[in-house]
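For this chain, numbers begin at 1 and follow the sequence in order. For ligands, and for the atoms within them, numbers begin at 1 and follow the listed sequence.
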Amino acid sequence: MNYLRIQGPTKLSGTVTISGAKNAALPLITLTLLGHNPITMSNVPEVADIKTLLKLLSNLGASYTLENHVLKIDTSTVNNTMANYDIVKTMRASILVLGPLLARFGHCEVSLPGGCAIGQRPIDLHLKAMEAMGATITIHAGYVHAVAPKGLKGAHIIFDKITVTGTANVVMAAALAHGKSVLVNCAKEPEVVQLCEILRNSGIDITGIGTSELTIVGTGGKTIDMVDFEVIPDRIEAGTYMCAAAITDSIVTLERVRPDHLDAVTAKLEQMGCRVECSENTMTVYPATELKHVNIVTQEYPAFPTDMQAQFMALAIRAKGASTIDERLFENRFMHVSELQRLGANIKLSGHVATVIGPCELAGADVMATDLRASSALVLAAMAAEGTTNVHRIYHLDRGYENLEEKLRTLGAQIERLQE
Ligand code: UD1
């Protein structure tokens with residue numbers, strides 16, 4: 001197993017190029033199951049989660065090449081509708097094949113994703129929506145069996161809770177259903193917006209894009225002539241580098257970024273005393289004279305993203321005063337707290353609220369990554385800590401950050417990947 005060795009404290013400078021968004025590329029790859037033509041996607045991040053999903057599509061019968069961030073994929077040859085446990089267990093987002101497979105083939109068998117380090121993460125809302133569209137769902141031997149022999153039919157669906165992959169799954173199912181679907185209380189994340197825009201550009205009648213209510217007229221089972229497209233920049237990767245600038249007291253410029261997708265993150269950095277300058281697709285972060293404490297509540301987009309919570313907790317350790325972080329989306333997303341405490345952080349947990357008392361001097365130690373974003377928080381804290389930090393179990397990081405250590409090294413960090 002690999003681990004990262006980081007020597008702190010570090011100063012960064014220069015420019016970092018932001019990769020394509022993993023969480024946009026994942027549903028977009030499953031979207032290709034609705035197309036009948038070869039499709040070219042550019043700006044695809046070459047991270048472990050993407051490779052896992054491509055392996056799943058290949059198992060289903062698709063062919064693809066991924067070179068220099070360009071994915072060429074042809075799903076016209078797909079003839080298998082079973083998403084195996086072996087792949088699904090490693091990545092929950094595999095559930096995104098459910099809607100497209102069911103809509104195209106009238107049946108599919110998808111392994112239940114099972115538990116997850118950051119909480120329960122059920123898929124009941126995905127399944128309820130498919131049932132409302134006429135599917136019969138049974139759960140047997142760890143698999144979701146979904147059947148709709150005459151195809152799915154349009155439905156009026158009100159999501160009980162806002163769900164990102166749930167919205168994406170149902171949008172894809174509705175695009176090939178018979179008749180009109182009205183989806184209420186949808187996720188408005190930029191990744192969902194891009195999925196809808198590509199469907200619209202590919203000829204699907206879809207309105208309400210970017211709002212919480214989407215209306216989609218399905219093709220009645222016919223596959224789509226899909227357009228080629230470029231994946232939007234990764235706002236979470238970008239936000240992580242913004243925090244890297246702030247925690248190391250450095251000026252860093254981000255290239256190929258969408259500043260408008262980062263408004264909530266920028267606002268919190270500014271409250272902490274940093275300055276952020278934006279152009280159309282670059283952002284430069286200037287450090288605070290003295291970092292101020294902050295109060296954060298994680299919520300659905302456009303509010304502050306849960307995927308940036310751990311990184312801001314690392315930053316809050318260096319800020320003056322008591323910061324609070326209220327995690328509203330996932331019940332168990334504070335596993336990084338005990339690891340940050342190993343580095344010297346003063347954090348108190350009470351239910352879903354963490355209080356971080358700063359500023360604290362951090363000292364390098366051995367720490368363990370527990371999930372994707374928690375891992376990047378440890379890297380950030382390590383860059384501010386005095387001495388050597390070893391971050392273990394970095395396969396979590398590799399799931400979603402492309403060339404993290406190379407990008408940080410180019411900015412001036414002392415970071416290397418070693419073998420246990
Ligand atoms: C997506 C993102 C993840 C991010 C999360 C919240 C991807 C691949 N992953 O995850 O990085 O942290 O959004 O922004 O895009 N829920 C239910 N029943 C369901 C579905 C969800 O109760 O059927 C609950 C979840 O437990 C959670 C909340 O709804 O409490 C939001 O989850 P959801 O938006 O579905 O997260 P993901 O799509 O899995």
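With respect to Gln309, the side-chain hydrogen bond (donor to acceptor under 3.5 Å, both in side chains) criterion is satisfied by exactly one of His336, Arg373, Arg328: His336. Of the residues Val356, Thr248, Leu291, the one that meets the side chain to side chain contact (heavy atoms under 4.5 Å, CB included) test with Arg318 is Leu291. Considering Thr15, Thr17, Thr282, Thr284 in turn, Thr284 is the only one that fulfils the side-chain hydrogen bond (donor to acceptor under 3.5 Å, both in side chains) rule with Thr253.
Looking at Thr306 against ligand 1, only its side chain comes within 4.0 Å, counting heavy atoms. Residue Arg333 touches ligand 1 through its side chain alone, judged by heavy-atom distances below 4.0 Å. By the criterion of a heavy-atom distance under 4.0 Å, the side chain of Phe330, and not its backbone, is placed next to ligand 1. Residue contacts with ligand 1 for Asp307 involve side-chain atoms from C-beta outward but no N, CA, C or O (heavy atoms, distance under 4.0 Å). Contacts of Ile162 with ligand 1, taken as heavy-atom pairs under 4.0 Å, involve the backbone alone.
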#### Entry: Worked check of side chain to side chain contact (heavy atoms under 4.5 Å, CB included) between Val231 and His69
CA-CA 10 Å; Val231 178; His69 304 105; over 6 Å; no
### Task
Just do the side chain to side chain contact (heavy atoms under 4.5 Å, CB included) check on His36 and Asp225 with the steps written out, would you?
CA-CA 6 Å; His36 50 234; Asp225 197 16; 3.7 Å; yes
### Task
Kindly determine whether Arg104 and Val78 satisfy side chain to side chain contact (heavy atoms under 4.5 Å, CB included), including the steps that lead there.
CA-CA 10 Å; Arg104 176 165 154 190; Val78 167; 4.0 Å; yes
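Ion pairing between Arg333 and Asp307 holds under the 4.0 Å rule for side-chain N and carboxylate O.
Ligand 1 is never approached by Arg328 to a heavy-atom distance shorter than 4.0 Å. For Pro305, the closest heavy-atom approach to ligand 1 does not fall below 4.0 Å.
Distances between N or O atoms of Leu26 and those of ligand 1 include no value under 3.5 Å. For ligand 1, the polar-atom distance check against Ala93 finds no nitrogen or oxygen pair separated by under 3.5 Å. Residue Pro122 has at least one N or O atom closer than 3.5 Å to an N or O atom of ligand 1. Note: an N/O pair closer than 3.5 Å links Thr163 and ligand 1 by distance alone. Between Thr165 and ligand 1, a contact under 3.5 Å exists for at least one N or O pair.
Close contacts of ligand 1 with Lys161, meaning ligand atoms under 4.0 Å from a residue heavy atom, involve 22 (O), 24 (C), 29 (O), 30 (O). Atoms of ligand 1 lying under 4.0 Å from at least one heavy atom of His126, given by number and element, are 23 (O). Which parts of ligand 1 touch Leu329 is read off a 4.0 Å heavy-atom cut-off, strictly below it: atoms 27 (C), 30 (O). For ligand 1 and Val164, the ligand atoms under 4.0 Å from any heavy atom of the residue are 1 (C), 13 (O), 33 (P), 34 (O), 35 (O), 38 (O).
Between the side chain of Gln311 and the backbone N or O of Gly239, no donor-acceptor pair lies under 3.5 Å.
With rounding to the nearest 0.5 angstrom, the CZ atom of Arg417 is 8.5 Å from the CG atom of Leu404.
Between Tyr301 and His261, the ring planes lie perpendicular to each other; the angle is over 60°, past the 30° to 60° tilted range.
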